[in-house]
*Asks:* 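To start, I am sharing the structure in question, which I have written as C-alpha cells.
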Amino acid sequence: MADDLHHDNVQVFDLLVIGGGVNGCGIARDAVGRGLSVGLVEMDDLASGTSSASTKLFHGGLRYLEYFEIKLVREALSEREVLLRAMPHISWPMRFVLPYTDTMRFENDTPTSKLLSTFLPWMKGRRPAWLIRAGLFMYDTLGGRKFLPGTKSVDLSVDPVGKPLKDEFEKAFEYSDCWVEDSRLVALNARDAAERGATIMTRTKLIGAERTGDEWLASLENVETNERFTCRAKMLANAAGPWVRELIDRTARSDMRTDVRLVKGSHIVTRKLYDHEKAYFLQGKDGRIIFLIPYENDYTLIGTTDAKHDDPNQSVTISDEERDYLLAFANEYLKQSVTADDIVWSYSGVRPLYDDGASSATAATREYVLVMDDEGGAPVLNVFGGKITTYRRLAEQAIDRLTERGGRFGKSWTAGVPLPGGDFPVDGVGDLISSLRARYGFLTDEWATRLVRAYGTDADEMLNGAMSQNALGEMFGETLSAREVEWLMDKEFARTADDVIWRRSKLGLRLSDEDVRRLDAFMVEKGGLSNTARPVKAAE
C-alpha cells in the first residue's frame, strides 16, 4: 500500500499512527470507525515486537493488587468479557490454579507486604491464605464478571490438578482468566481497520516528522525498496512501543521529560508437562510469580521474567540466567523436574512501561499513560505502557484525547463489535468446528479446530468451497496449504514465511526446515519477501 503514496501525490490523513503492535492497530481501527482518514506505518511486520511476545492472557493482573493498582485491575477485568465476546475464535476462558501452603515465605517489597510487616509483623515474608482469598474476592467482583466462573478452593490430594505438583502442596485456589492469541489479535485489528478504509503500511519506517502549521509532514521509507516518500497528517499517534522515546526525538519537539522504562520478559516453551487444560499461577520465594500454561496442544508455556533492558534496538533474546530462573522456579512446584533439554522454543519481548521512578522492573507501573503534545500546532499523542488486555480501552481514550480539541469526532464504538471471524457466540466454537467438518469432509478434527481457532467464521470463506485437499494447492506440512498462505498474504499483510509460521500461527514449532524453505519459495513467487531471518528453535 505504501506504493500508492509518492511525493508527487502526497496523501493527507486525519491521523497517522506509528507502530503496528496491538496499541497502534487498535488505535487505527477505532479511529477509522469514527470516520477519520487513517494511515498506519510499521517498520517490520505487524506484532513483530512486544505484541507477539506476551504471556498471551486477557487478565486483570492478580499480582498488581499487591501494588494497589486497583484502577488498572478493574479496567482489565471489566474488559475480559468484552474482548471474549468480540473474538471467541482467538480467545477463550481458562482456569488458573494457585497452589498454597502455610509455610510459604517471600522476599516482598510491595505496598501490601510493607503494610503487613508494619501492622502484623509476625506475618513478614508471608502471603497468608486470608490475604489471597481477599485478593481473589476482589478479582472476582471488581470487573463485573458475568459468565466467567468464580474462585473456588481445591483439594490437591484428590483433584487431578494436584497430580503434577509436589506432595507438599495440599490445597489451592482456582480462578478464571482468559487466553488470547496475541499476534492474531493484532493482525485482525489491522485487517478490520483496512477493510474500514485505513491505509496499513508494513515494512515502512518513520524517518522523521515536523509540524508545518496545523499539519505534520512525515518522512517515510519503504524498507523493502529503500524508497522515501512523504505524507501529511493532522494528528500523530506515537504507539511505537519500546521505540516511543526514540520517535519523540524524531519529531519537532524532543525535550519532553516523560520517558519509557524498558523491561524484558522472556518465556520458554517445553514438552507438555501435564495432561489437563488448566494453567498454574506459581508464587516464587523472591516475591515474583510465573505461569505454567497449556500451549498449542502439545507443549507448556512458562513465563515470564522481568529484566531491565537498556536499548530498544538491542537484540531481544532469553539469557541463560533467565532460562535457569524459569526452570528453577517451576521445579520448586513440579514433582517431575523440567530441564533445559525439555525446552523446544523460547521467546522474549520488551515491555515499554511508563517510567514512574519505581525501584525495580517488577514494581514499575503497568498502567498506560497517554501524553499529549499539542504546543505549537498539530497534536501528537505519545503512548506509554499498557497491557494487551486494555488495548481497546487505550485506543478508545487515545482517540477521545486526540479529537477533543475540536469536539468529539464520532462516538466510541468498538465495545461489542466483533473482530473479523468473531461473529459467533463465546460457547459456539464446537458447533463451528462441526459445521466446518460437515461442509469440508476432507478436514480432520485437528485441522478444522486449528482453522476455527485462527479464522472463526472466516474459515469457510478461506476454504472457498474446496471439495478436496488437492483443491487447496501445495501443502507445506502440518495442514498449512497454499490457499491459506494466499489468504494471509491478501488479507493479513503477511510477507515472509516468518510472518506466517511465527505470528499468524505458531506452526514454526512443528514445520521442518525443508517445509519452511518450500513455503519461503512459494511466498517469494507470489510477491512476498524471502525469509532471511527465521528464528531458530531451541531444540535445533
Side-chain angles (χ1 to χ4, degrees), residues 56 84 86-94 179-185 187-188 191-192 195 272 275-277 294-299 344 418-494 497-512 514-523 525-526 528:
K56 310 183 193 310
L84 271 178
M87 55 196 83
H89 48 331
I90 63 167
S91 64
W92 52 88
M94 185 174 280
W179 174 265
V180 62
E181 301 287 357
D182 54 4
S183 51
R184 289 213 52 74
L185 170 65
L188 292 180
R191 177 184 158 197
D192 198 47
E195 290 178 352
K272 192 172 186 177
D275 292 330
H276 59 81
E277 292 305 310
Y295 190 63
E296 295 291 317
N297 297 319
D298 300 317
Y299 308 98
V344 298
L419 286 171
D423 50 338
F424 65 96
V426 170
D427 60 357
V429 170
D431 290 341
L432 204 55
I433 293 169
S434 297
S435 65
L436 197 68
R437 287 203 68 191
R439 183 166 167 79
Y440 300 93
F442 60 89
L443 294 179
T444 63
D445 187 62
E446 185 180 57
W447 190 352
T449 299
R450 184 182 72 79
L451 294 181
V452 167
R453 278 302 186 193
Y455 307 108
T457 56
D458 282 342
D460 183 68
E461 182 182 344
M462 189 268 289
L463 292 169
N464 194 28
M467 299 303 293
S468 68
Q469 177 176 309
N470 289 339
L472 300 178
E474 184 176 358
M475 300 299 296
F476 301 102
E478 300 297 331
T479 72
L480 180 65
S481 67
R483 175 77 57 84
E484 184 176 354
V485 174
E486 289 172 336
W487 170 279
L488 293 172
M489 295 179 76
D490 292 343
K491 301 278 191 180
E492 295 192 12
F493 310 96
D498 277 358
D499 300 351
V500 170
I501 67 174
W502 291 112
R503 287 179 285 277
R504 307 310 184 276
S505 73
K506 289 296 180 285
L507 292 173
L509 286 167
R510 306 175 188 276
L511 292 173
S512 69
E514 176 56 30
D515 292 334
V516 176
R517 279 192 287 269
R518 288 192 298 112
L519 173 61
D520 178 66
F522 175 82
M523 294 184 70
E525 183 183 345
K526 293 293 180 179

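We use all heavy atoms of the structure for the numbers below, so side chains are in, but hydrogens, waters and symmetry mates are not. Here, residue 1 is the first one in the sequence, and each next residue gets the next number.
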*Asks:* Just jot down the side chain to side chain donor-acceptor pair (under 3.5 Å) partners of Glu446, sequence neighbours excluded, or say none.
*Replies:*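 Scan of Glu446 (side chain to side chain donor-acceptor pair (under 3.5 Å), adjacent residues dropped) gives none.
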
*Asks:* In chain order, what residues pass the salt bridge (charged side-chain N to carboxylate O under 4.0 Å, His left out) check against Glu525, with sequence neighbours excluded?
*Replies:*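 If we apply the salt bridge (charged side-chain N to carboxylate O under 4.0 Å, His left out) test to Glu525, skipping adjacent residues, there are no hits.
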
*Asks:* Which heavy atom in Ala494 sits nearest to a heavy atom in Val500, and how many Å separate them?
*Replies:*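 So the two residues come closest at CB-CG2, 4.0 Å.
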
*Asks:* Measure the spacing between CG of Leu472 and OG1 of Thr479 and express it to the nearest 0.5 Å.
*Replies:*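 So the CG of Leu472 and the OG1 of Thr479 are separated by 10.0 Å.
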
*Asks:* Under the criterion side chain to side chain contact (heavy atoms under 4.5 Å, CB included), I'd like the reasoning laid out for His89 against Glu181: C-alpha separation, chi angles, the key distance, then a yes or no.
*Replies:* CA-CA 9 Å; His89 48 331; Glu181 301 287 357; over 6 Å; no

*Asks:* Please output the side-chain donor-acceptor pairs of residues 481-488 that fall under 3.5 Å, not counting sequence neighbours, one pair per line with the distance.
*Replies:*
from: Ser481; atom 1: OG; to: Glu484; atom 2: N; distance (Å): 3.2
from: Arg483; atom 1: NH1; to: Leu463; atom 2: O; distance (Å): 2.6
from: Arg483; atom 1: NH2; to: Ala471; atom 2: O; distance (Å): 3.0
from: Glu484; atom 1: OE1; to: Arg450; atom 2: NH2; distance (Å): 2.7
from: Glu484; atom 1: OE2; to: Arg450; atom 2: NH1; distance (Å): 3.0
from: Glu484; atom 1: OE2; to: Tyr455; atom 2: OH; distance (Å): 2.6
from: Glu486; atom 1: OE2; to: Lys526; atom 2: NZ; distance (Å): 3.2

*Asks:* State which residues pass side-chain contact (heavy atoms from CB on, under 4.5 Å) with Ser505; sequence neighbours excluded, sorted by chain then number.
*Replies:*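 Leu507.
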
*Asks:* What is the distance from atom OG1 of Thr449 to atom CG of Leu436, rounded to the nearest 0.5 Å?
*Replies:*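 Rounded to the nearest 0.5 Å, the OG1-CG separation comes to 9.5 Å.
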
*Asks:* For the residue pair Val429 and Trp92, establish whether any side-chain heavy-atom pair is separated by less than 4.5 Å.
*Replies:*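 Answer no - side chains too far apart.
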
*Asks:* Who pairs with Ala86 by side-chain contact (heavy atoms from CB on, under 4.5 Å), at least two apart in sequence or on another chain?
*Replies:*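 Not a single residue meets the side-chain contact (heavy atoms from CB on, under 4.5 Å) criterion with Ala86.
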
*Asks:* How many angstroms lie between CE in Met523 and CZ in Phe476, if you round to the nearest 0.5 Å?
*Replies:*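 If I round to the nearest 0.5 Å, the distance is 9.0 Å.
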
*Asks:* Can you name the closest pair of heavy atoms from Asp458 and Gly421 and give their distance?
*Replies:*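 Closest approach of Asp458 to Gly421: OD2-N, 3.5 Å.
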
*Asks:* So, using side-chain contact (heavy atoms from CB on, under 4.5 Å) as the criterion, who are the partners of Asp182 when residues are at least two apart?
*Replies:*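 Asp182: side-chain contact (heavy atoms from CB on, under 4.5 Å) contacts with Ser54, Lys56, Ile388.
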
*Asks:* Looking only at heavy atoms, which two atoms of Leu511 and Gly477 are closest? And how far apart?
*Replies:*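 Answer, listing the atom of Leu511 first, then Gly477: CD2-O, 3.5 Å.
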
*Asks:* What residue pairs, at least two apart or across chains, pass salt bridge (Lys or Arg N to Asp or Glu O under 4.0 Å) with a residue in residues 422-439?
*Replies:*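 Counting only pairs at least two positions apart or across chains, the salt bridge (Lys or Arg N to Asp or Glu O under 4.0 Å) contacts touching residues 422-439 are Arg439-Asp460.
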
*Asks:* Quick one: list whatever passes ring pair (Phe, Tyr, Trp, His ring centres under 6.0 Å) with Tyr440, sequence neighbours left out.
*Replies:*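 Ring pair (Phe, Tyr, Trp, His ring centres under 6.0 Å) list for Tyr440, sorted by chain: empty.
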
*Asks:* For the residue pair Leu519 and Ala497, what are the closest heavy atoms and their distance?
*Replies:*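 Smallest heavy-atom distance, with atoms named: CD2-CB, 3.8 Å.
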
*Asks:* What is the minimum heavy-atom distance between Gly456 and Leu432, and which atoms define it?
*Replies:*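 Closest heavy-atom pair between Gly456 and Leu432: C-CD2, 3.6 Å.
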
*Asks:* When rounded to the nearest 0.5 angstrom, what is the spacing between CZ in Arg191 and CG in Leu419?
*Replies:*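 Here the rounded value is 10.0 Å.
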
*Asks:* For Phe442, which residues count as a ring pair (Phe, Tyr, Trp, His ring centres under 6.0 Å) partner, sequence neighbours excluded?
*Replies:*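 Only Trp447 meet the ring pair (Phe, Tyr, Trp, His ring centres under 6.0 Å) criterion with Phe442.
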
*Asks:* Please check this pair: side chain of His276 against backbone of Pro294, looking for a donor-acceptor N/O pair closer than 3.5 Å.
*Replies:*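 Absent.
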
*Asks:* For Thr457 versus Gly422, what's the shortest heavy-atom pair and its separation?
*Replies:*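 Heavy atoms of Thr457 and Gly422 come nearest at OG1-N, 4.4 Å.
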
*Asks:* Are Asp498 and Arg503 packed together at the side-chain level, in the sense that at least one heavy-atom pair is separated by less than 4.5 angstrom?
*Replies:*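 Yes, at least one pair of side-chain atoms sits under 4.5 Å.
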
*Asks:* Measure the CD1-CG distance between Ile90 and Leu188 for me, rounded to the nearest 0.5 Å.
*Replies:*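 Between atom CD1 of Ile90 and atom CG of Leu188 there are 5.0 Å.
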
*Asks:* Who are the salt bridge (charged side-chain N to carboxylate O under 4.0 Å, His left out) partners of Arg453, not counting sequence neighbours?
*Replies:*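 Salt bridge (charged side-chain N to carboxylate O under 4.0 Å, His left out) check on Arg453 returns nothing, list empty.
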
*Asks:* Using the salt bridge (charged side-chain N to carboxylate O under 4.0 Å, His left out) criterion, which residues pair with Lys491? Sequence neighbours excluded.
*Replies:*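 Scan of Lys491 (salt bridge (charged side-chain N to carboxylate O under 4.0 Å, His left out), adjacent residues dropped) gives Glu461.
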
*Asks:* What distance separates Glu474 CD from Leu480 CG, expressed to the nearest 0.5 Å?
*Replies:*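 If we round to the nearest 0.5 Å, Glu474:CD and Leu480:CG are 9.5 Å apart.
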
*Asks:* Name all residues meeting the salt bridge (charged side-chain N to carboxylate O under 4.0 Å, His left out) criterion together with Asp515; count only those two or more places apart in sequence or in a different chain, and write none if there are none.
*Replies:*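 Expected list: Arg518.
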
